[in-house]
Structure formats: C-alpha cells, structure tokens
**Student:** 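First the structure, then my questions, so here it is.
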Amino acid sequence: MMDKSKLSDPFEKARVEKGYGHMDDQNDPVTILLRHKDVRKTAHNWKTFQSGGEEVGRIVIPSEVKIRDTRQIPFEVDPPLHKEFRSLLDGWFKRPNEPAYQEKLHKQISALVDEVLNKDEVEVVRDFSLKLQSRALTLLLNTPFSESETWISWGTHVFRSEGESLDADKANILYNYIDERIIEAAKNPGEDLYSVLLGSEVNGKKLTHEEVKGIMILTFAGGRDTVINALTNSIAYFSEHPKSLHAIKENPEMINNAVEELIRYFAPLTHMGRVVTEDTQVCEHAIKADTRVSLCWASANRDAAVFENPNEVDFDRKMNPHVSFGFGTHNCLGATHARQIMRTLLGILAEKVASMDIINTDENIEELGEFDRKVGYNAITVKFNKY
Ligand code: EMZ
C-alpha cells in the first residue's frame with residue numbers, strides 16, 4: 001500500500017455529528033470548531049472571538065502563556081490597531097512576488113535539490129526542509145545568507161521540545177537572538193527587516209523594541225514548523241505519486257493549483273485559538289465567556305459540505321476555498337512567502353527529480369483531546385533519484 005504520505009481526517013465523525021470537539025490544554029480547555037462554515041464565521045467575528053486579549057500566548061494551542069511575555073504582532077492584536085500594523089507590514093511581506101526575489105529563491109532551492117540528489121539517503125526534515133525554510137527566511141528578512149546557519153543549528157524544535165511539553169529554555173534561544181539582532185540594528189541600521197521596523201511608525205509613534213521583537217518572533221515562529229511540514233509533506237506526497245510530478249513537468253501552469261490543493265490537504269497548522277469575550281453559541285452549542293475556542297483549519301479543509309471528495313488530492317479542483325492560511329482579519333501574513341516557496345519547489349522537483357523513494361518514516365502525531373492528527377513527520381528518510 002502506498003499510504004505513507006497519507007494525512008487522514010480524524011475529525012469527520014465529530015464534524016458531521018456535532019460540529020465541535022473538546023480538548024484539555026494545561027487546565028484551559030478548548031472547544032474545537034470543526035465545520036468550514038463555523039470556522040470562517042468565527043474567524044470573521046474578532047469582537048466575540050478575540051486574538052488580542054490580556055494573556056499573551058493564550059490563543060496558541062498548546063498555550064504559550066507560561067513561556068512567553070512578548071505579544072506577537074499583528075497576530076495578538078485586534079482591530080483597529082491590527083490594521084495599522086498590517087498596513088505597515090503587508091508590503092514587505094509581499095516582496096516574494098517580485099521577480100528579483102523569486103530569482104534568488106529559485107537559486108537557493110535549486111542548489112539544495114542538487115545537494116540532495118547527490119546523496120544516497122536524506123533525512124528530509126532536518127537536511128532538506130529545515131535548511132530550505134531557514135535559507136528562504138534570509139530573503140524575507142533581507143539578512144545575510146550566513147544567518148541561516150545559526151537558525152539551522154537550533155534544530156527543528158526551537159520553542160517546544162518534541163512531544164507534549166513546551167520548553168522555555170529553548171524558546172529563550174530565539175528570544176535572546178532576536179534581542180541581540182534588534183540592539184545591533186539599532187546601532188547600525190541596514191536594509192533588513194529589523195532596521196526597517198525600528199525606523200517605522202504606527203499611529204505617529206516609533207515602534208518600540210518590544211513591538212519589533214513581537215513582530216520578529218512571529219516571523220520566525222509562525223513560519224517555521226508550518227513551512228517545514230508543508231515541504232516535508234510535499235516530498236512524501238510526490239514520492240508516492242510520481243505521476244503527479246511528471247504531470248507538472250508536462251504542464252507547469254498547473255503549479256499554482258497544485259500548491260493550493262496540497263496546502264489544503266496538508267493543513268500545516270491544524271488549528272488556532274481565540275478567547276471568547278461574551279457568552280455565545282456556535283452551531284447551537286453554548287460557549288462561555290473567557291473560555292477558548294479553536295478554529296480547526298485542518299477539519300474545515302475536509303468538510304464535504306464544501307469540498308467534493310475532500311480526502312482526495314485533486315490538482316484539477318475548481319473551487320478551493322481552503323483555510324490553511326486562516327481566514328478574515330488575521331489571515332496569514334506569510335502566505336505570499338509560503339506560496340512562493342512551494343511553487344518554486346514544485347517547479348524544481350518536476351524539472352530535476354525523476355522519482356523519490358521513502359526509506360523510513362517517523363510520523364508526527366498531534367494529540368488533541370479526542371482526536372489524534374498526523375500533521376507531518378518528525379523524520380523521514382528519502383532517496384532522491386535524478387533523471
Ligand atoms: C505563533 C504561531 C503563529 C506561536 C501562525 O502561527 O506559530 C507557532 O508555531 C508559535 O509557537 O508562538 O507564532
């Protein structure tokens with residue numbers, strides 16, 4: 001059976017029968033919203049379902065309240081201030097649409113694919129996806145390529161140790177690094193994101209170091225596991241579906257649809273929380289003020305009310321309103337970057353790689369109360385074969 005790359009949908013039964021599920025998380029339980037319609041409606045309603053509450057880190061599941069004091073921006077800020085930050089950041093984060101940026105990204109990924117094509121076996125998470133993600137991030141931050149070596153040396157789990165627990169010591173490696181980079185940029189401003197932010201204003205006031213730090217932590221953290229999962233799952237998928245890769249080689253214009261469909265199927269970020277500000281109801285289920293809900297992107301993406309054959313990967317899907325990048329106010333700031341990475345990777349794989357063989361896998365299974373979800377791999381060893 002060719003099913004090592006399969007990501008099954010653990011939410012179906014609960015989604016159809018009730019529309020929600022439950023999980024405990026450090027004594028702060030979460031009601032997991034499972035239907036596409038409810039997920040989008042709830043994401044849209046930022047007044048009742050808040051991101052910017054007092055307790056920093058509470059909307060992340062598992063909660064980061066105990067390991068982080070810095071508010072991530074714009075992720076943990078609600079309108080109207082949210083809009084000010086987004087207007088400041090949107091332009092910078094759309095740079096991956098520029099041809100010169102794309103050329104650099106193409107060079108990086110092309111070199112990395114050549115590297116793995118010359119090896120016998122590759123552990124993809126550590127020796128492909130983490131490297132690709134870290135190197136590409138130097139473009140997004142506009143920092144020297146050599147910085148990526150530091151980020152790669154941190155390993156894949158910067159904030160959490162593997163498995164259940166959050167790891168404050170590990171998180172501090174990142175926070176301290178960012179503090180140092182901010183101090184450095186304040187002394188010697190350059191063309192990098194730190195310097196640009198330090199020189200920017202929101203509502204007529206210069207950004208504070210703490211605000212810059214909040215933006216930088218989000219840029220590092222939000223795009224790390226998620227991009228690594230998307231890249232690794234892509235390698236696994238095309239290992240088992242070589243014909244799809246050949247189809248892309250024949251018809252490169254299908255790449256954009258292919259990327260959207262893979263991202264729908266993978267849902268690299270399973271869910272994201274909100275804090276409920278008043279007693280309310282979702283799908284006829286009462287939800288109390290000051291409790292948490294989560295918007296389960298992974299479940300919404302498999303909702304048969306919206307997607308035909310939701311568990312099939314279909315590059316010809318006509319309508320694809322997936323929510324892998326969230327929805328509404330807080331939709332993913334890094335989406336342009338992530339999409340460009342995925343598109344570039346698919347083009348290069350199709351061009352250079354004849355086939356890939358999975359040697360062995362260690363799956364990454366998230367435990368979410370009544371649900372267990374495979375989100376990717378802790379490790380997966382693959383042999384890349386040239387033409
Ligand atoms: C937060 C989150 C953002 C969080 C879009 O997701 O990503 C998680 O990996 C981090 O741990 O702090 O940045």
Side-chain angles (χ1 to χ4, degrees), residues 25-26 30 39 43 46 51-53 55-78 82 85-86 89 93 125 129-130 133-134 137 140-141 151 154-175 177-178 193 210-232 263 266-275 292 294-298 300-301 322-339 341 364 366 368 373 375-376 378:
D25 168 30
Q26 304 163 66
V30 183
V39 164
W46 53 264
S51 295
E55 278 180 283
V56 165
R58 196 177 169 206
I59 63 168
V60 184
I61 303 159
S63 166
E64 294 174 351
V65 168
K66 296 199 184 93
I67 61 160
R68 169 158 68 82
D69 302 316
T70 302
R71 181 176 296 277
Q72 292 183 15
I73 301 174
F75 174 62
E76 292 172 317
V77 178
D78 280 312
H82 175 268
F85 280 109
R86 274 305 279 253
L89 296 168
F93 281 83
V125 177
S129 304
L130 172 63
Q133 185 273 336
S134 297
L137 188 62
L140 189 64
L141 267 51
W151 310 337
W154 293 338
T156 35
H157 297 275
V158 206
F159 326 97
R160 325 181 160 178
S161 5
E162 219 143 311
E164 42 8 306
S165 63
L166 296 152
D167 190 330
D169 292 338
K170 275 196 162 179
N172 281 329
I173 298 177
L174 175 73
Y175 304 159
Y177 170 86
I178 290 174
L193 181 56
E210 183 68 6
E211 286 170 329
V212 172
K213 184 177 178 181
I215 295 168
M216 296 308 304
I217 294 177
L218 177 62
T219 306
F220 272 95
R224 195 168 168 98
D225 294 9
T226 44
V227 169
I228 290 170
N229 281 336
L231 296 172
T232 308
I263 290 176
F266 299 155
L269 179 72
T270 302
H271 59 166
M272 186 51 73
R274 296 288 189 267
V275 174
R292 298 192 294 169
S294 87
L295 316 174
C296 190
W297 320 119
N301 282 353
H322 72 75
V323 288
S324 290
F325 292 117
F327 184 76
T329 314
H330 287 282
N331 68 12
C332 178
L333 178 61
T336 308
H337 179 68
R339 286 188 160 111
I341 289 175
N364 179 1
E366 288 178 345
L368 313 156
R373 177 180 189 239
V375 64
N378 298 319

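Keep in mind the model is a prediction, meaning the values are calculated, not measured. All ligand and atom numbering here is 1-based and tracks the order in the structure.
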**Student:** For ligand 1, which atoms have a heavy atom of Phe75 less than 4.0 angstrom away?
**Tutor:** 1 (C), 3 (C)
**Student:** Need the ligand 1 atom indices (1-based, order shown) with element for anything under 4.0 Å from a heavy-atom of Leu218.
**Tutor:** 3 (C), 13 (O)
**Student:** Do Phe85 and Glu211 make a side-chain contact, defined as non-hydrogen atoms from C-beta onward lying under 4.5 Å apart?
**Tutor:** yes
**Student:** Side chain, backbone, both or neither: which part of Arg224 comes within less than 4.0 Å of ligand 1 when only heavy atoms are counted?
**Tutor:** neither
**Student:** Between Met216 and Leu141, is there a side-chain heavy-atom distance shorter than 4.5 Å?
**Tutor:** yes
**Student:** Is any side-chain heavy atom of Pro74 less than 4.5 Å from a side-chain heavy atom of Leu218?
**Tutor:** yes
**Student:** Under a 4.0 angstrom heavy-atom cut-off, which atoms of ligand 1 come close to Met272?
**Tutor:** 6 (O)
**Student:** Give the single entry among Gly222, Gly334, Gly326 that approaches atom 3 (C) of ligand 1 most closely by any heavy atom.
**Tutor:** Gly222
**Student:** Counting only heavy atoms, tell me which of His330, Glu64, Gln72 gets closest to atom 13 (O) of ligand 1.
**Tutor:** Gln72
**Student:** By side-chain hydrogen bond (donor to acceptor under 3.5 Å, both in side chains), which residues pair with Asp25, not counting sequence neighbours?
**Tutor:** Arg292
**Student:** Counting from 1, what ligand 1 atoms have a heavy atom of Ala221 closer than 4.0 Å?
**Tutor:** 7 (O), 9 (O), 10 (C), 13 (O)
**Student:** Pairing donors with acceptors under 3.5 angstrom, does anything connect the side chains of Ser63 and Gln26?
**Tutor:** no
**Student:** Quick one, Phe93 and Thr336 - any side-chain contact, counting heavy atoms below 4.5 Å?
**Tutor:** no
